[in-house]
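Below is one structure, written out as structure tokens; comments come after it.
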Amino acid sequence: MNKKIILTGDRPTGRLHIGHYVGSLRGRVELQDSGKFDEIYIMIADAQALTDNAEHPEKVRNNIMEVALDYLGVGLDPNKVTILIQSQIPELTELTFYYMNLVTVSRLQRNPTVKSEIQMRNFESSIPVGFFTYPISQASDITAFDATTVPAGEDQEPMLEQTREIVRKFNSVYGETLVEPEILLPSNKAALRLPGTDGKAKMSKSLGNCIYLADTEEEIRTKVMSMFTDPNHLRVQDPGQVEGNTVFTYLDAFCKDEYFAEFLPDYANLEELKAHYRRGGLGDVKVKKFLNKVMLETLAPIRARRGEYEKKIPEVYEILHQGSIAAEKKAAATLDRVKNAMKINYFDNEEMLADAAAKYAK
Ligand code: TRP
């Protein structure tokens, strides 16, 4: 072994937005092109999405294609990565069932991400069992592919922690079998948690504060121009605050020095622009117009590539189908190892058969 393997994924509950992009998609493409990984699996986690959408399977189903198009749009290359649909890999469910015995209810209750999700969904008194246990299923996703590296946002840290605990527990009970993964957080600090356009902590579809990868130029402009800034920066000449100012947070996440030469040559870089804003004399509209150009520059190639794939949906289906077949092969090998370690592979273990025969031999 000692291969370097990536597994990561997304729940298909909506189109992907720029929070996904800076938080993980952009990094995935870099990792894909880095040549440093032996295998890369990108999972469309439809089964996980169903854990809190059981009554709306069509929502999950319809968004599988949206997410796949977004993946291809940002430049994930099916020749370099395996894109798979979680529900098509039954081995994952089987692994989950065995891992469940290694995790306590109270441990799941302490998972901070699950905790806050339960609150957000008003599930407190009626949590679906599948939802409650999804961190265990996520441990199956990760370990099934022998993933060493899980690129994800910091909200996924508790899932990784839980996965590592399951791995250690499994290995100590049944012998060295599973690989312990690490999370890989985005290197750009602003990208760790991109706020919504309204300045709220998180981008979320229900809050209507997202910029989607597939948004048109017009939609992007409208959203950027109505963005939240410093509420005390009322007149152009007022000094403004940069920290916690959504427009600047976005610039931190997306801006490159070369954009200044192209779109705003009065400044050499973001630091100069921030200094001017802090000292006063720089209006929000000017900064927003610049951000709009930066966003268009970032998103135009993604939208164009997505558009090309929209014209060949059967090909995208085939990418998902072939990816899922390849992924199942990998997961099946891990499940074999797991059953072998647990000695529940009754019908393909000659030693066990010989032992049983010897035991009952008169
Ligand atoms: N929980 C992740 C999310 O909500 C999706 C996901 C499912 C995932 N399985 C995974 C992420 C395995 C990383 C690794 O976006």
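As the structure lists them, so they are numbered: ligands from 1, and atoms in each ligand from 1.
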Quick check: does R11 get an N/O under 3.5 Å from an N/O on ligand 1? yes
Test of proximity, Q48 against ligand 1: N or O pairs below 3.5 Å: yes
May I ask you to list the atoms of ligand 1 that are less than 4.0 angstrom from any heavy atom of V150? 13 (C), 14 (C)
At under 4.0 Å between heavy atoms, is it the side chain or the backbone of A152 that contacts ligand 1, or both, or neither? neither
Contact partition for Q156 relative to ligand 1, non-hydrogen atoms under 4.0 Å: side chain
Nearest-option assignment for atom 8 (C) of ligand 1, heavy atoms, candidates Q138, M159, M43: Q138
Would you check if N232 and D238 make a side-chain contact, meaning some heavy-atom pair closer than 4.5 Å? no
Pairing of K274 and E243 as salt bridge, 4.0 angstrom limit: no
Per-atom contacts of ligand 1 with L7, taking only distances under 4.0 Å to non-hydrogen atoms: 12 (C), 14 (C)
Can you find a heavy atom in the side chain of I183 that is under 4.5 Å from one in the side chain of M159? no
Proximal ligand 1 atoms for A45, defined as those under 4.0 Å from one of its heavy atoms: 7 (C)
Qualifying ring-ring contact (aromatic ring centres under 6.0 Å, His included) pairs, either residue in residues 270-320, two or more places apart: H233-Y277, F248-Y277, F260-F290, Y267-H276
Decide whether V60 and Y212 are clustered together by the hydrophobic rule: side chain heavy atoms of Ile, Leu, Val, Met, Phe, Trp, Tyr closer than 4.5 Å, transitively. no
Below 4.0 angstrom, N of the basic side chain to O of the carboxylate: do R168 and E165 qualify? no
Give the intermediate values and the outcome of salt bridge (Lys or Arg N to Asp or Glu O under 4.0 Å) for residues D215 and K223. CA-CA 10 Å; D215 275 353; K223 290 177 189 178; 2.7 Å; yes
Write out the residue and atom name of the closest protein heavy atom to atom 9 (N) of ligand 1, then the distance separating them to 0.1 Å. D141 OD2, 2.8 Å
Could an N or O of ligand 1 be found under 3.5 Å from any N or O of Q86, whether backbone or side chain? no
